[in-house]
Novice: 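Okay, here's the structure, questions in a sec.
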Amino acid sequence: MPELPEVETVVRDLRPLLVGRTIVGVRQSKQKLRGPWKPAWNAEVTGARVEGLRRRGKWILIDLAGAPRSVLRVHLGMTGQFTVASAAAPEPDHLHVVFALGDGNELRFRDPRRFGSAEFFRDRAALETEMNAELGPEPFGIDAEYFRTAVQGTARNLKALLLDQTIVAGVGNIYADEACFRAKLHPGRAGKSLTPAECDGLRGAVEAVLTRAIEGRGSTIRDYVGGSGLRGGFQTEFAVYGRTDDPCPACRTPIASARYAGRASHFCPSCQPDSPQGHKVRTKKHKESGSPVPRPDVTRRKTAG
DNA sequence: CTGTAATCCTGCGAGC
DNA sequence: TGCTCGCAGGATTACA
């Protein structure tokens, strides 16, 4: 599932293959993406030269030269693949939008599950303003005070907070779990239950996990490939994600799974306790609260009847 | 405010 | 073996 490291890898792979090239034609499938490419955009981008490639959160931005300066925006959804291939190379299935380049190659957007989007925006500055209003900061070098305030100011659990793109942009289900493990924090902990030091630890863990994952060219569970078609390598370094019942890499306790924020979540019940390590949870008499973490729905197991 | 669930969609594995 | 069904989940939206 493409999250920040996968998107960053695609952008880095595609940059040398796209910058300076001219889009000479567009074709598309009849199937609708979540964010569908409109045929009216074909004429807008044909003849445009690619100025640069960027990433913002999980979004890919392709800057096009011209006045006014426009931009292509792509989201890979869950199964999106954005690659450059020879126009002569056989076409895979689920190909939705293809941009022909002047050099005999083409930029292909493939997305079996069609959760992705490919859109054109004529006004680059307006789009940036809009995106900055909807997305939180990039997770590198986040202001400590900002992050503490965002986390401690809510009763929402850490999993929900990390998945919330308006707080931090780019984290998805895999790296949220991995960051919580690295920070030794239970994903079900309420944001406001964290100490300032724990907030700082979580912020650092998010940054560290994403940095390592980028170095590993992202994670491939099933569909993900980089801009040149290569699979990722970070999936072999998962500590908890998808490792239910496997021994914790730190203490050998079996990894647990539960559902938080509607997402499968994985954690070590020993390394990531419900309450701050070394602190007894203080409960006031008049405000009795049993466990500091609400009991999650344990993974549903089908029972007869 | 917070959480949950449905929605979009295809592929795959579990279970019968 | 072949079918159904749950699940995977990013973002959005509706509802409890």
Side-chain angles (χ1 to χ4, degrees), chain A residues 1-8 10 29-37 55-60 73-82 92-97 109-119 127 130-131 133-136 139 149-178 187-193 210 218-225 232 235 238 240-245 257-266 289 291-305:
Chain A
M1 332 299 153
E3 301 179 29
L4 187 152
E6 290 74 31
V7 176
E8 178 66 25
V10 169
S29 74
K30 293 193 180 68
Q31 294 196 295
K32 220 169 71 178
L33 294 165
R34 178 164 185 79
W37 179 264
R55 178 193 57 74
R56 178 76 172 93
K58 300 172 192 171
W59 298 91
I60 298 168
R73 186 179 74 165
V74 168
H75 196 293
L76 299 178
M78 290 182 53
T79 54
Q81 299 176 339
F82 204 39
D93 55 359
H94 304 297
L95 204 52
H96 298 301
V97 191
F109 182 62
R110 173 178 187 263
D111 187 3
R113 226 167 292 183
R114 283 189 273 149
F115 270 40
S117 65
E119 302 158 289
L127 176 67
E130 188 187 317
M131 289 183 76
E134 292 168 356
L135 292 176
T149 304
V151 171
Q152 294 183 306
T154 179
R156 298 169 74 195
N157 63 50
L158 299 184
K159 187 62 179 278
L161 285 171
L162 290 175
L163 293 177
D164 186 341
Q165 302 298 296
T166 69
I167 294 173
V168 175
V171 178
N173 203 37
I174 294 171
Y175 299 110
D177 280 3
E178 293 296 316
R189 285 272 302 278
K192 65 182 184 185
S193 79
L210 294 174
S219 308
T220 297
I221 309 283
R222 205 200 320 269
D223 299 283
Y224 169 75
V225 294
Q235 65 279 0
F238 290 165
V240 290
Y241 182 83
R243 302 188 61 92
T244 307
D245 295 336
S257 65
R259 197 161 273 270
Y260 290 107
R263 297 285 173 260
S265 305
H266 314 76
S289 60
S291 159
V293 174
R295 212 156 281 294
D297 304 345
V298 177
T299 311
R300 261 298 182 93
R301 202 155 299 245
K302 239 198 307 195
T303 49

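Per chain, numbering begins at 1; letters A, B, ... match sequence-line order. Since we're looking at a predicted model, the values are computed, not measured.
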Novice: Kindly write out the residues that satisfy ring-ring contact (aromatic ring centres under 6.0 Å, His included) with A:Y241, not counting sequence neighbours, or none if the list is empty.
Specialist: A:F238, A:H266

Novice: Using a cut-off of 4.0 Å on non-hydrogen atoms, how would the nucleic acid contact of A:Y241 be classed: base, sugar-phosphate, or nothing?
Specialist: sugar-phosphate

Novice: Considering every strand and a 4.0 Å limit on heavy-atom distances, what is the contact class for A:D164: base, sugar-phosphate, or nothing?
Specialist: nothing

Novice: Between B:dC9 atom P and A:D93 atom CG, what is the distance in whole Å?
Specialist: 17 Å

Novice: Using a 4.0 Å heavy-atom cut-off across all strands, classify A:T79 as base, sugar-phosphate, or nothing.
Specialist: nothing

Novice: As a test of reading the structure: which of C:dG9, B:dG3, B:dG11 is closest to the side chain of A:N173, going by heavy atoms?
Specialist: C:dG9

Novice: Mind listing the N/O atom pairs, protein and nucleotides 12-14 of chain C, below 3.5 Å?
Specialist:
none

Novice: Using side chain to side chain contact (heavy atoms under 4.5 Å, CB included) as the criterion, list what pairs up with A:S117, not counting sequence neighbours.
Specialist: A:W59, A:H75, A:E119

Novice: According to salt bridge (Lys or Arg N to Asp or Glu O under 4.0 Å), does anything in residues 160-169 of chain A pair up with another residue at least two apart or in another chain? List the pairs.
Specialist: A:R156-A:D164

Novice: Checking A:K30 side chain against A:H96 main chain: does a donor-acceptor pair fall under 3.5 Å?
Specialist: no

Novice: For a quick check of understanding: with a heavy-atom distance under 4.0 Å over all strands, which category does A:A264 fall into, base, sugar-phosphate or nothing?
Specialist: sugar-phosphate

Novice: Just call it for A:K32: base, sugar-phosphate, or nothing, with non-hydrogen atoms closer than 4.0 Å on any strand.
Specialist: nothing

Novice: What residues form a salt bridge (charged side-chain N to carboxylate O under 4.0 Å, His left out) with A:R56, not counting sequence neighbours?
Specialist: A:E138

Novice: For the helix from B:dT2-C:dA16 to B:dC16-C:dG2, how many degrees between its two end axes (five pairs per end), to the nearest 10°?
Specialist: 70°

Novice: Could you tell me the separation between the CG atom of A:L76 and the P atom of C:dG9, rounded to a whole number of Å?
Specialist: 16 Å

Novice: Taking only the side-chain heavy atoms of A:T154 (C-beta and beyond), determine which of B:dC9, B:dT2, C:dA11 contains the nearest atom.
Specialist: B:dT2

Novice: Can A:F115 be called stacked on C:dG9 when the rule is centres closer than 5.5 Å and an angle between planes below 30°?
Specialist: yes

